Amino acid sequence: MQEEIVIVGAGQAGAQVTQSLRQGGFEGPLRLIGDEPHPPYQRPPLSKKFLAGEVGSEGLWLRPPAFYSINNIDHIPSTLVTGIDRMAKRLVLENGDTLSYGKLVLATGTNARLLPLTGANKAGVVTLRSIADVDAIRERLSKAKHLVIIGAGYIGLEVAAVAQGMGKDVSVVEAQDRPMKRVVSKTVSDYFAKLHADEGVKLLLETGIEAIEGGEKVEAVRLSTGDSLPADLVLVAVGAEPNDKLAADSGLDTDNGILVDGAAQTSDANIYAVGDCTRFYSGRYARSVRMESVQNAIDQAKAAAQALLGGEVDYDPLPWFWSDQYDIKLQIAGLSEGYDDTVVVGEPAANKFYVAYLKDGTLIAVDSINSPRSHMMARRVIGEPWRDDLLPDA
């Protein structure tokens, strides 16, 4: 009889592990434990179509609930795992119960990063990570006039676009000198800054937050400039942190993420980890990386399932990401960190262009704006020496 495999974390990565194991012929006991009441669901639409009310929660589900029962996957919702007894190979649950495992997969994802701000605990100060978060935000947003978003990354700008479309007064406060600075070039940052400004969003760059003001409810955000912005709702969107505490508390190796090898195996041979919570070495980029993307969640989960089934695997993906803001689609292939040159093809003014990132003459990443052909081709040719005909015109 095959030993039981338990997956902690019922998001995209955890669900993919179960699916890949069954598709690969695993017939043993399979448990999927999640701390939310929902079946596994997609997170990217949360800050876009789900917030806008264009899809309901069922439209986010990766699979209908019947999929798990049909495939003998024991999905256990609304259950928090608080400890791992590695010697006994048992999980400790919040209610004190324990569950045994033969092999364990951690797919614990990320938590929204918080800011140590005065007033951050006031009603109306929110983060966005789950269906429950968006349900609460949507209810408050329907009554709010003034929305202040702290952070000009993907989520902050996506929510700004949705809220502006609802006719709200939207301000985005960013400590850096340009939006999305961590992941895109100045050309792309400038394009999206102009896009949001043209839509009526107030973008305050190189600006810090001193405090969140009000009584029990938020009323204003005091800036480092001394000015205050009126606010009925404040979204803190300053990135995410890996949810690796469970792993660290059990003695597994962590470093801003659960450390895994190319087979998604942790420092314990009986425990694997997949998705946003992991950190691994990329030979492609010659450094340790942690990726927050659907692509990584799915592909690393498939790699872990293959390893659990006895296959040989050395996971080293080409990452890709996307962001929808208004009617503009940004698609990113590769990791641009460390680039020393860029090539811009197409016209930002025409809302259709791409930026190729080079390092020592080699293509390492491409940002495509409303240019899907360049994105798809980039995923095939990243790593090749740059030449003018390497990618199609925008």
Side-chain angles (χ1 to χ4, degrees), residues 46-53 110-184 189-190 192-241 323-326 328:
L46 289 176
S47 55
K48 300 182 275 287
K49 291 186 175 182
F50 185 65
L51 177 61
T110 60
N111 297 314
R113 182 176 288 115
L114 303 177
L115 290 176
L117 290 173
T118 300
N121 60 344
K122 294 184 186 298
V125 180
V126 298
T127 58
L128 194 160
R129 177 61 188 158
S130 67
I131 286 177
D133 291 339
V134 180
D135 284 342
I137 291 170
R138 191 189 296 118
E139 180 181 357
R140 291 183 179 276
L141 191 58
S142 67
K143 304 170 186 175
K145 293 181 180 179
H146 305 285
L147 168 64
V148 174
I149 299 170
I150 302 173
Y154 293 139
I155 289 180
L157 295 181
E158 288 167 0
V159 172
V162 172
Q164 188 65 30
M166 295 178 176
K168 307 301 179 181
D169 174 67
V170 182
S171 299
V172 179
V173 183
E174 171 58 53
Q176 299 291 332
D177 59 354
R178 55 186 177 89
M180 298 189 291
K181 183 173 183 177
R182 185 173 62 88
V183 292
V184 300
S189 289
D190 290 348
F192 278 96
K194 183 178 185 301
L195 173 68
H196 282 274
D198 288 348
E199 293 289 341
V201 172
K202 292 181 282 293
L203 187 59
L204 291 81
L205 301 174
E206 297 184 273
T207 303
I209 307 293
E210 290 295 320
I212 297 174
E213 301 175 325
E216 292 184 359
K217 298 180 180 179
V218 60
E219 297 176 9
V221 174
R222 179 155 43 90
L223 307 177
S224 57
T225 60
D227 299 325
S228 287
L229 296 173
D232 309 301
L233 180 63
V234 174
L235 171 66
V236 179
V238 291
E241 297 175 330
S323 176
D324 296 320
Q325 300 171 36
Y326 308 103
I328 303 299

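Values in this document were obtained by computation on a predicted structure and should not be read as measured data. Basis for what follows: all heavy atoms, side chains included, without hydrogens, waters or symmetry-related copies.
- Within the structure, the salt bridge (charged side-chain N to carboxylate O under 4.0 Å, His left out) test picks out the following pairs touching residues 114-139 (sequence neighbours left out): Asp135-Arg138.
- Here the closest non-hydrogen pair linking Val173 and Gly208 is CG1-O, 4.5 Å.
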Would you tabulate the side-chain donor-acceptor contacts of residues 210-219 under 3.5 Å, counting partners in other chains and residues two or more places apart, or write 'none'?
unit_1, atom_1, unit_2, atom_2, d
Glu213, OE1, Ser228, OG, 3.3
Glu213, OE2, Arg222, NE, 2.7

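- The main-chain N or O of Gly153 is never found under 3.5 Å from a side-chain atom of Arg182 such that the two would form a donor-acceptor pair.
- For the side-chain contact (heavy atoms from CB on, under 4.5 Å) with Pro179, the lone residue among Leu195, Asp190, Val172, Leu157 that qualifies is Leu157.
- For the pair Val162 and Ser47, the tightest heavy-atom approach, listed with the atom from each and the gap, is CG2-O, 3.7 Å.
- Atoms CG and CD1, on Leu117 and Ile209 in that order, are 7.0 Å from each other to the nearest 0.5 Å.
- Between Gln176 atom CD and Ser189 atom OG the span is 10.0 Å, to the nearest 0.5 Å.
- The distance from atom CD1 of Ile155 to atom CG of Leu46, rounded to the nearest 0.5 Å, is 8.0 Å.
- By the 4.5 Å heavy-atom criterion applied to side chains, Val236 and Val125 are counted as neighbours.
- Closest non-hydrogen pair, Leu233 versus Gly124, comes out as CD1-O, 3.3 Å.
- Of all heavy-atom pairs spanning Gly151 and Val238, the tightest one is CA-CG1, 4.3 Å.
- By the salt bridge (charged side-chain N to carboxylate O under 4.0 Å, His left out) test, Asp232 is found to be paired with no residue, residues two or more places apart in sequence or in another chain being considered.
- Partners of Asn121 under the side chain to side chain donor-acceptor pair (under 3.5 Å) rule, at least two apart in sequence or in another chain, do not exist in this structure.
- Residues Val159 and Ile149 form a side-chain contact, since some pair of their non-hydrogen atoms from C-beta on lies under 4.5 Å apart.
- Using a 4.0 Å cut-off between a side-chain N of Lys or Arg and a carboxylate O of Asp or Glu, Lys194 and Asp198 qualify as a salt bridge.
- The only member of Leu223, Val234, Leu147 that meets side-chain contact (heavy atoms from CB on, under 4.5 Å) when paired with Leu229 is Leu223.
- The two residues Pro230 and Val148 have their closest heavy-atom pair at O-CG2, 3.8 Å.
- For residues 158-174, the pairs satisfying salt bridge (charged side-chain N to carboxylate O under 4.0 Å, His left out) are Lys48-Glu158, Asp169-Lys202, with sequence neighbours left out.
- Side-chain contact between Leu205 and Asp177: absent, with no pair of heavy atoms (C-beta onward) separated by less than 4.5 Å.
- Side-chain contact check for Asp227 versus Thr207: every heavy-atom pair is 4.5 Å or farther apart.
- Residues in residues 192-231 take part in these ring-ring contact (aromatic ring centres under 6.0 Å, His included) pairs, two or more places apart or across chains: His196-Tyr326.
- The number of heavy-atom neighbours closer than 6.0 Å to NZ of Lys49, taken from other residues, nucleotides and ligands shown, is 12 or below.
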